[in-house]
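The structure appears right after this line, and notes come after that.
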2 protein chains.
Amino acid sequence: MSDDLESPVDLGALGNFAGYHLRRAAVAFAANFANAMQTTKIRQVQFGIMSVIAANPGMNQGTVGRALGIQRANMVTLINELVDRDLVARNGSVGDRRVVSLSLTTAGEAALADCITHIVPHEEAMLAHLDAHEREQLIVLLDRIAAVGA
Amino acid sequence: MSDDLESPVDLGALGNFAGYHLRRAAVAFAANFANAMQTTKIRQVQFGIMSVIAANPGMNQGTVGRALGIQRANMVTLINELVDRDLVARNGSVGDRRVVSLSLTTAGEAALADCITHIVPHEEAMLAHLDAHEREQLIVLLDRIAAVGA
DNA sequence: TATTGTTATACTCTATAACTATA
DNA sequence: TATAGTTATAGAGTATAACAATA
């Protein structure tokens with residue numbers, strides 16, 4: 001029987017790097033997210049895709065992927081899953097016959113709304129110990145970091 | 001020819017969730033880390049393991065893993081790699097003959113130091129747009145989030 | 001030639017179940 | 001019976017190369 005009361009371990013140099021703290025927070029967040037979304041059977045990436053499609057109906061598959069940092073090749077399987085479950089529709093484009101334009105089905109819109117009702121309390125739980133100003137500040141700092149990738 | 005100058009895409013509900021911004025920052029950080037560490041041939045997790053071992057010579061394999069959130073089963077392969085490369089040594093323990101105590105070899109200590117010289121400029125680059133106070137604040141907020149996992 | 005979507009493939013990371021040897 | 005380490009395996013996430021159709 002282990003009590004989860006093991007004394008905290010000295011992490012050495014690791015503990016001084018912001019990247020480590022960022023990773024631990026992101027992993028905790030992702031695990032809690034996955035748990036909150038279990039009943040919806042929709043994963044992190046797929047929710048992201050559906051959210052972008054909802055905000056931009058008819059957007060190209062490639063453009064959606066690029067907005068989320070998902071590679072063309074990996075988009076295919078992800079969209080296939082969503083199409084198989086009748087949440088997303090591939091509607092051949094008008095002008096350029098190479099591109100595929102995406103839209104949510106009625107079921108997809110309902111599923112997206114359902115996801116949001118699951119995500120809101122999850123976010124609230126993860127951010128419980130941050131006040132409103134700290135939450136804003138956090139996003140500002142994270143966005144400045146993410147922007148370095150460009 | 002795509003100029004990387006595609007106009008910013010509306011992410012919908014996704015953009016309002018802190019979890020998304022956290023994930024994007026963590027991904028950017030990890031990618032830059034991997035790039036900075038290319039020549040060392042040591043990955044994120046393995047650096048973490050070596051750092052903990054350096055700070056706690058002789059610590060059990062399981063305890064190291066638990067400190068970093070790595071499962072027993074996955075520790076085996078990770079440590080095997082480090083042992084094969086003569087960076088870590090498995091030294092059977094004294095009292096309990098089930099446990100394996102870990103330590104860095106001389107080569108391992110040199111490799112760890114080399115890693116740090118690569119990581120410091122990487123961290124500096126990723127945090128370039130955050131002043132000293134913001135960097136402290138960021139870690140405080142991230143740790144409060146990571147603590148929710150407990 | 002360049003681009004969109006596609007297929008195939010591979011590597012890393014993570015998670016689970018079952019085994020062994022010790023305790 | 002419980003624990004430390006191990007083995008095997010499977011599912012995601014991500015990355016690259018190559019192809020067809022189209023521009």
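Just so we're on the same page: letters track the sequence lines, and every chain starts at 1.
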Cut-off 3.5 Å, no hydrogens considered: what does the side-chain donor-acceptor table look like for residues 28-38 of chain B, sequence neighbours left out?
from: N32(B); atom 1: OD1; to: H122(B); atom 2: ND1; distance (Å): 2.7

Problem - Value in whole Å for how far the P atom of dC13(C) lies from CD1 of I42(B) - result: 13 Å
Problem - Side-chain donor-acceptor contact under 3.5 Å, H118(A) with T40(A) - result: no
Handout entry: Closest-nucleotide ordering on DNA chain C, the 5'-leading residue of V99(A) and V27(A)
Key = V99(A)
Handout entry: Any side-chain donor near an acceptor of the partner, Q61(A) and R90(A), under 3.5 Å
Key = yes
Practice task
Using a strict 4.0 Å threshold on nitrogen-to-oxygen distance, state whether E81(B) and K41(B) make a salt bridge.
Solution key: no
Completion exercise
Side-chain atoms of V45(B) come closest, of dC13(C), dT6(C), dA21(C), to dC13(C)
Problem - d(CG, N74(B); P, dA8(D)) in whole Å - result: 15 Å
Handout entry: Nearest-nucleotide pick for R23(B), side chain only, options being dT16(D), dG5(D), dT14(D)
Key = dT14(D)
Problem - Length of the line joining N32(A):CG and dT14(C):C1', which is rounded to integer Å - result: 17 Å
Problem - N/O (side chain, R90(B)) to phosphate O (OP1/OP2, dT6(D)) under 4.0 Å - result: yes
Fill in the blank from the handout: Between CG of L82(A) and C1' of dG5(C) the distance, given in whole Å, is 16 Å
Completion exercise
On DNA chain D, more 5' by nearest nucleotide between D96(A) and L78(A) is L78(A)
Handout entry: First encountered from the 5' end of DNA chain C, between G95(B) and V100(A)
Key = V100(A)
Exercise for the section: Before accepting this row, confirm whether a basic side-chain N of the pair E124(A)/R135(A) lies closer than 4.0 Å to the acidic partner's carboxylate O. Expected result: yes
Problem - Polar side-chain contact N60(B)-dA4(D) base: donor and acceptor under 3.5 Å - result: no
Handout entry: Nearest-nucleotide pick for R43(B), side chain only, options being dC13(C), dT6(C), dA12(D)
Key = dC13(C)
Exercise for the section: Starting from C1' on dT20(C), measure out to CZ on R98(B) and report it in whole angstrom. Expected result: 12 Å
Fill in the blank from the handout: When rounded to whole Å, the CD1 to P distance for the pair I70(A) and dA12(D) reads 16 Å
Problem - R97(A) side chain, from C-beta outward: closest of dT6(D), dA23(D), dT14(C) - result: dA23(D)
Fill in the blank from the handout: note: N35(B), atom CG; dT12(C), atom P; distance rounded to Å ~ 17 Å
Completion exercise
Rounded to whole Å, the CG-C1' distance (N80(B) to dA8(D)) equals 14 Å
Practice task
State whether Q71(A) places a side-chain N or O below 4.0 Å from either non-bridging phosphate oxygen (OP1 or OP2) of dA15(D).
Solution key: yes
Problem - dT6(C) OP1/OP2 closer than 4.0 Å to side-chain N/O of Q61(A) - result: yes
Practice task
Identify whether any heavy atom of R72(A) sits under 4.0 Å from a base atom; if not, whether one sits that close to sugar-phosphate; answer base, sugar-phosphate or nothing.
Solution key: base
